[in-house]
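In this text the structure is predicted, and so the values were computed from the model without any measurement. Any value given below was found using the heavy atoms of this structure, including those in side chains, with hydrogens, waters and symmetry copies removed. Ligands are counted one by one from 1 in listed order, and the atoms in each one are counted from 1 as well. Heads up: numbering here begins at 1 and tracks the sequence.
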Amino acid sequence: MTALRQPDKTAPVITIDGPSGSGKGTISQLVAQKLKFNFLDSGALYRLTALAARKRNTDWADEDAVAKIAEELQVQFETGGEKTVILLDGDDATDAIRKEEMSLGSSKVAAHPKVRAALLNLQKSFQQGPGLVADGRDMGTTVFPDASVKIFLTASAEERAQRRYKQLMEKGESVSLRALLTDIQARDERDSQRAVSPLKPADDALILDSTTLSIVEVLDRVLDYAAQKGITPAG
Ligand code: DC
């Protein structure tokens, strides 16, 4: 990794953690847009690490080798257009990291403590003015424990499988709903049982269950809560 920017510790941070399919990716991006804040998709970093390991023929189970890959990750997030383009070693990896195979790979590499440690400073470097919305599993517990606002967004496993099913169908990937539900349950288990930074709400997080809420309803609740904590749109 080339030299990282020092974090701006005065910039407010909103952490949005939760399991996959809870809607946190969509909500985090919308919150960042509304507030004109920077955005960290920490899951993308684990996905990029898994993809980089695959490209280098490195086994996801080889903790030391994968941690070295994570440390040297050459990534760029190009924002500005309609969607963020993510480059790995200079190549567009935006779609490749979203495949089911990388969902599995990222969950495996994310279970290694050395990989998590290798990605820590890169994640912290995203804290810049006017503020940051950080999306992940351990944003409020480990990466930004002093965040001003912490949200834990969840939804039932069945609802999350349905949402993922719809997304994949729209992209033309054929999958079975039952297989997705089994995968989600296995991933939840792995993400919440691992020894380091397991998926769990921070003690001071607001827990939001999105099972029966629309995106707009969740967004409103998050923005109201942020406003109560003194966070309003920048500029
Ligand atoms: O949010 P996502 O589905 O893109 O995350 C991919 C994987 O990375 C997921 O299995 C959990 C893991 N992850 C993590 O362990 N810690 C984070 N802060 C973000 C993601």
Does ligand 1 have any N/O atom under 3.5 Å from a protein N/O, and what are those pairs and their distances?
from	atom 1	to	atom 2	distance (Å)
ligand 1	1 (O)	K24	NZ	3.4
ligand 1	1 (O)	R137	NH1	2.8
ligand 1	1 (O)	R137	NH2	3.3
ligand 1	3 (O)	R47	NH2	3.0
ligand 1	3 (O)	R137	NH2	3.3
ligand 1	4 (O)	R47	NE	2.6
ligand 1	4 (O)	R47	NH2	3.4
ligand 1	10 (O)	R187	NH1	3.4
ligand 1	10 (O)	D191	OD2	3.4
ligand 1	15 (O)	R116	NH1	2.8
ligand 1	15 (O)	R116	NH2	3.4
ligand 1	15 (O)	R194	NH1	3.1
ligand 1	15 (O)	R194	NH2	2.9
ligand 1	16 (N)	R116	NH2	3.0
ligand 1	18 (N)	S42	OG	3.0
ligand 1	18 (N)	R137	N	3.2
ligand 1	18 (N)	D138	OD1	2.9

* NZ/NE/NH1/NH2 to OD/OE distance under 4.0 Å, R137 and D17 ->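 No, this pair does not count.
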* Asked: Taking NZ, NE, NH1 and NH2 as the nitrogens, is one of them in K150 or D138 under 4.0 Å from a carboxylate oxygen of the other?
  ->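 Between D138 and K150 there is no salt bridge, as every charged N stays at least 4.0 Å from the carboxylate O atoms.
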* Distance only, no hydrogens: is a donor on one side chain within 3.5 Å (strictly under) of an acceptor on the other, for S107 and R190? ->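 Note: S107 and R190 side chains meet the donor-acceptor criterion.
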* **Sequence-distant partners of K83, salt bridge (Lys or Arg N to Asp or Glu O under 4.0 Å), two or more places apart** =>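 In terms of salt bridge (Lys or Arg N to Asp or Glu O under 4.0 Å), with neighbours along the sequence ignored, K83 is linked to D95.
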* Only counting residues at least two apart or in another chain, list the ones meeting side chain to side chain contact (heavy atoms under 4.5 Å, CB included) with R54. =>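 Side chain to side chain contact (heavy atoms under 4.5 Å, CB included) list for R54, sorted by chain: W60, E101, M102.
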* Under the side chain to side chain contact (heavy atoms under 4.5 Å, CB included) test, residues paired with E100 that sit two or more places apart ->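 In terms of side chain to side chain contact (heavy atoms under 4.5 Å, CB included), with neighbours along the sequence ignored, E100 is linked to S103, R164, L168, L180, D183.
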